[in-house]
Amino acid sequence: MKKIPLSLTVNGDPVEALVEPRTLLIHFLREQLDLTGAHIGCDTTHCGACTVDLDGRSVKSCTLFAVQAEGAAIRTIEGLAAADGTLHPLQEGFREMHGLQCGFCTPGMIMRAYRLLQEIPNPSEDEIRAGIAGNLCRCTGYQNIVRAIAFAAARLNGENLEEAAA
Amino acid sequence: MNEMSETREVREARLQGLGCKRKRVEDVRFTQGKGKYVDDLKLPGMLYGDFHRSPYGHARIKRIDTSKAKAVPGVLAVLTAEDLKPLKLDWMPTLAGDVQAVLAGDKVLFQNQEIAFIVATERYIAADAADLVEVEYEALPALVDPFKAMAEDAPILREDIKDKTTGAHGERKHPNHIFTWEIGDREATDLAFREAEVTIKELISYQRVHPCPLETCQSVASFDKIKGELTVWGTFQAPHVVRTVAAILSGIPEHKIHVIAPDIGGGFGNKVGVYPGYVCAIVASIVTGRPVKWVEDRIENLSTTAFARDYHMTAEIAATREGRVKALRVHVLADHGAFDACADPSKWPAGFFNIVTGSYDFPIAHVAVDGVYTNKAPGGVAYRCSFRVTEAAYCIERAMDILAHKLGIDPAEIRMRNFIRREQFPYHSALGWEYDSGDYHTALQKALDAVGYSALRAEQTARREAFRRGETREIMGIGIAFFTEIVGAGPAKNCDILGIAMFDSAEIRIHPTGAVIARMGTKSQGQGHETTYAQIIASELGIPADDVMIEEGNTDTAPYGLGTYGSRSTPTAGAATAMACRKIKAKAQMIAAHLLEVHHDDVEFDIDRFRVKGMPERFKTMKDIAWTAYSAPPPGLEPGLEAVNYYDPPNMTYPFGAYICVMDIDVDTGVAKIRRFYALDDCGTRINPMIIEGQVHGGLTEAFAIAMGQEIAYDEIGNVKGASFLDFFLPTAVETPKWETDFTVTPSPHHPIGAKGVGESPNVGGVPAFSNAVNDAFAFLGATHIQMPHDAWRLWQAAEALGAQG
């Protein structure tokens, strides 16, 4: 199948590639760029394990063609920590609050939360739950994911973490 | 650091041992997208496999034409049953003593059954070519209702064994019959029923569901023709067993097979079995000489690899008018699908269903289970439970409520009246188990107090009156479940898989600097083994958990073990870990005594060191001892500091718990709102309370999904309905209730650290708690038993049938 040139930015780095027009964004990221953090958990756009950030929106990268990302700026879980390795408060929060178990949904969940906290910097519990309703987790029952996101929100807002953890 | 001046608390805390809410080691990589799951693997020259599957539930295959598929550029091979026959791999043995078609040759027996395996240079090309395989079928009548399986005129499904009157588990009464399994005293039970003051009888069905981990089943096989070695990476909960099965099936010597289970994205029982995809990837790699990856998609996962439950249980209790139970009789019709591929210990075709007497002191009981074939996917795995334990718990917990309802006794009270009492442990159940420890009255009382039970009942009474007066359209249910599990299979005397005893293992090596590597025969799929096993070692050996690295899943390096399922890791490999530590500790004591120049009986262990008895200032830390073991071992003592333990548990463990669910149901919409869910678990010694709580949250969420919506259903011609996330209920954060957790601690008397296992308790106890709440809500309208799943549509129907909408 004829390949199409694609240029975009991934985690701050410019990327030039050739892709088949039917290549899904998730396969492009995982198999051509070796960014295997985002996962595939279903084939119906329900699970959100493939969530990445694209031009300021959370997208399910299994439901976009790679060519639809032409010119876009994408951030994946691999690009979330600071350049010096300092973890993002969400990454810290998920560990602190035991917001993950098998880890398979985690990159998508964190990337969704990353955008959610920019949409709603100080979300209520209900807002967090509604905000991650496009991401499924089979291990945690979400309770500690909610706490992890609240932890990160508090840290980003410079709040007292003891309170957020309660 | 001044080792002398530090308090014992500081030294203890540094270890992060038993009881510590230690943060997880695994999370560092998982939160950065650096987990290594099977589909992340990319090998040079790797090919991709995909299946062509049957659209029919039951049909004869007249012709298979692969020519168009083979003609697609990039396709290297298309395998069919004909290609597997010369290798004797067109059929494979199942864990349950049956055989399963790897690729269907003459007949298909369930929808989406594997027919051809396409191998191509790219994932998308394999999928394109899979669509081009042409198969001509002759449709046959499908058998989907297990109650019709043994009818005289039922279509015969398994022509390969239709004349066999005995199977792996005894006599077969019908070509669609797999086994009858009986336990208990039938005559005495029948007599007790004849003489009973009160009896109840109910068909309690537990619908077909699926474990549905977020990562599907997948593998990469790589055969090295020069070395004659096969490497298989896969989603394996039991990698060592996979290697042994691969050796037996392929004829490749076991030492030349390397099976590796990398990070696994959830298992819940789905990844115990051996599936056609694994076998086909291996064959394709041998045929092509290149690595071959096979990755299931979600629909394939839900419709072909390992369903759970599908148990139809007719439960009867004989009791006195005061509600004292006298006998239990259960008959189960078990729908095993097209092949008997249950993942049970080999001698237990119905798993440990004989835990069905539950937490109650039944003097006598009898159970019979009939397994039958239907045109449905094979499986019958333990979805987040020990073998058939959740079915048993659901059965007895519903039945006790039905008895309570009939007698007008409160469900909490009837349980209290019949509990096995603390002083009866170790308790010998009427169906053959020896319960290790328990304190049921204390646990239930704590739960009742925590939720304010009597106030809830008073509120319910008031609400029912208000409903009758037409002031509300909501009804309120309070569901109690008190479960006893049997986990940690298991003792070699009664548990094996394909002849291999179900022990487990740990191999621990202390390096000269006091850092540790430890390997186990189990395999975490999210349970946090890398964190918790290290805590056991920390407490046993006095070495900080942060200095311990845990490795599992590589059959080349890890000691042989039977894997992780049935909550067996802590009871078996956790015990092996403690026992291996104790071997090391015995040697460490000799070294310490040598260094301290005293007799070894004159030193004692203290947190992180050995000290001279009565002289706490004279001690050697484990670090000192480790260095000495390698630098200047005492004369006559072997250098080094390591140990292996293969642990055959003397008994299984019996975790228990009290769960209470409070629910409000709108009778006009059928929508149920979980107002409150309280879960008290007793899993014995608690290794990491944070992880326990997380496991309970997750298990309760799965229980919620099962009770309130999940079902893998089939239509009358064998089409699987609901095998995608469009239809199969997986709750999001919005529907999922908030969980309250609590605990009591009753250690296991036979486990080295007293731990029992907890990961599956919430699924086992959660399902009956939800269902009992639903049934309790409708009870005052005349309901006795409403079948699961309790989704809004079905609850609306139940309300309508009971006249609640009039």
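Since this is a predicted model, take the numbers as computed values, not measurements. Note on naming: letters A, B, ... go to the chains in the order of the sequence lines (proteins, then strands), and numbering restarts at 1 for each one.
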> Calculate, to the nearest 0.5 Å, the distance between atoms SG and CD belonging to A:C102 and B:E26 respectively.
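Spacing of SG (A:C102) from CD (B:E26) equals 11.0 Å.
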> Flag the one option from A:L100, A:T106, A:N144, A:N135 with the top tally of heavy-atom pairs under 4.5 Å to chain B.
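The candidate making the most pairs under 4.5 Å is A:L100.
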> Please flag which part of B:P737 lies under 4.5 Å from any non-hydrogen atom of chain A: side chain, backbone, both or neither.
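Interface part for B:P737: backbone (N, CA, C, O).
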> With a 4.5 Å heavy-atom cut-off, do A:H98 and B:K21 have their side chains touching?
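Not in contact.
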> Considering only heavy atoms, which portion of B:D128 lies under 4.5 Å from any heavy atom of chain A: side chain, backbone, both, or neither?
side chain
> Between chain B and each of A:E78, A:H88, A:M109, A:H39, count heavy-atom pairs under 4.5 Å; write down the option with the most.
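Top option by heavy-atom pairs under 4.5 Å: A:H39.
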> Can you tell me how far the OH atom of B:Y124 sits from the CG atom of A:L24, to the nearest 0.5 Å?
3.5 Å
> Within this structure, what is the CD-OG1 distance for the pair B:E122 and A:T23, rounded to the nearest 0.5 Å?
8.0 Å
> Does the side chain of A:I77 reach to within under 4.5 Å of the side chain of B:K34, using non-hydrogen atoms?
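They are not in side-chain contact.
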> Can you say whether B:I691 sits under 4.5 Å from chain A via the side chain, the backbone, both, or neither, judging by heavy atoms?
both
> Taking A:Q91 for the side chain and B:T31 for the main chain, is one N or O donor matched with an acceptor at less than 3.5 Å?
yes
> Give, as side chain, backbone, both or neither, the part of A:T140 having an atom under 4.5 angstrom from any heavy atom of chain B.
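Backbone only.
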> So, the side chain of B:K738 versus the backbone of A:Q143: is there a donor-acceptor pair under 3.5 Å, distance only?
no
> Salt-bridged, A:R138 to B:E702, with N to O below 4.0 Å?
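Yes, this pair counts.
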> Measuring heavy-atom distances to chain A, does B:T736 have an atom under 4.5 Å in its side chain, in its backbone, in both, or in neither?
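Interface part for B:T736: both.
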> Does any backbone or side-chain atom of B:Q32 lie under 4.5 Å from a heavy atom of chain A? Answer side chain, backbone, both or neither.
both
> Heavy-atom distance under 4.5 Å to chain A: side chain of B:D39, backbone, both or neither?
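Contact with chain A is through both the backbone and side chain of B:D39.
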> Is B:I299 in contact with chain A via its backbone, its side chain, both, or neither, using a 4.5 Å heavy-atom distance?
both
> Taking side chain as everything from C-beta outward and backbone as N, CA, C, O, which of these in B:Q695 sits under 4.5 Å from a heavy atom of chain A? Side chain, backbone, both or neither.
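Contact with chain A involves both backbone and side-chain atoms of B:Q695.
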> Short question: side chain of B:K23, backbone of A:E96 - any donor-acceptor pair under 3.5 Å?
yes
> If I take atom CZ from residue B:F725 and atom CG from residue A:D43, how far apart are they, to the nearest 0.5 angstrom?
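These two atoms lie 8.5 Å from each other.
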> Who wins among A:P107, A:A133, A:C137 for the most heavy-atom pairs under 4.5 Å with chain B?
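So the answer, after comparing A:P107, A:A133, A:C137, is A:A133.
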> Under 3.5 Å, is there a donor-acceptor pair between the side chain of B:R298 and the main chain of A:G41?
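Yes: the side chain of B:R298 pairs with the backbone of A:G41.
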> Applying side-chain hydrogen bond (donor to acceptor under 3.5 Å, both in side chains), name anything that partners A:Q101, two or more places apart in sequence or on another chain.
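side-chain hydrogen bond (donor to acceptor under 3.5 Å, both in side chains) list for A:Q101, sorted by chain: empty.
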> Where on B:R29 is there a heavy atom nearer than 4.5 Å to chain A: the side chain, the backbone, both, or neither?
neither
> For A:E20, is it the side chain, the backbone, both, or neither that has a heavy atom closer than 4.5 Å to a heavy atom of chain B?
side chain
> Evaluate the criterion side-chain contact (heavy atoms from CB on, under 4.5 Å) for residue pair B:F30 and A:I110; output intermediate values, then yes/no.
CA-CA 11 Å; B:F30 290 154; A:I110 289 180; over 6 Å; no
> Once rounded to the nearest 0.5 Å, what's the spacing between atom CD1 of A:I40 and atom CD of B:Q218?
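If we round to the nearest 0.5 Å, A:I40:CD1 and B:Q218:CD are 8.5 Å apart.
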> What distance separates B:T701 OG1 from A:L136 CG, expressed to the nearest 0.5 Å?
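Reported to 0.5 Å precision, the distance equals 12.0 Å.
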> Would you mind checking if A:E31 and B:R123 are paired as a salt bridge, meaning a charged N to carboxylate O distance below 4.0 Å?
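Salt bridge flag = yes for A:E31 with B:R123.
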> Taking all atoms of both residues into account, what is the closest heavy-atom pair of B:L726 and A:H46, and its distance?
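Taking every non-hydrogen atom into account, CD2-CE1, 3.4 Å.
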> Could you look at B:F268 and say if it's the side chain, the backbone, both or neither that has a heavy atom under 4.5 Å from chain A?
side chain
> Would you call B:H697 and A:Y142 a side-chain contact if the rule is heavy atoms closer than 4.5 Å?
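Of all side-chain heavy-atom pairs linking A:Y142 with B:H697, none is under 4.5 Å.
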> Show the nearest heavy-atom pair for residues B:L214 and A:A49, with the distance to one decimal.
CD2-CB, 4.4 Å
> So which part of B:P73 gets closer than 4.5 Å to some heavy atom of chain A, the side chain, the backbone, both or neither?
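No part of it gets close to chain A.
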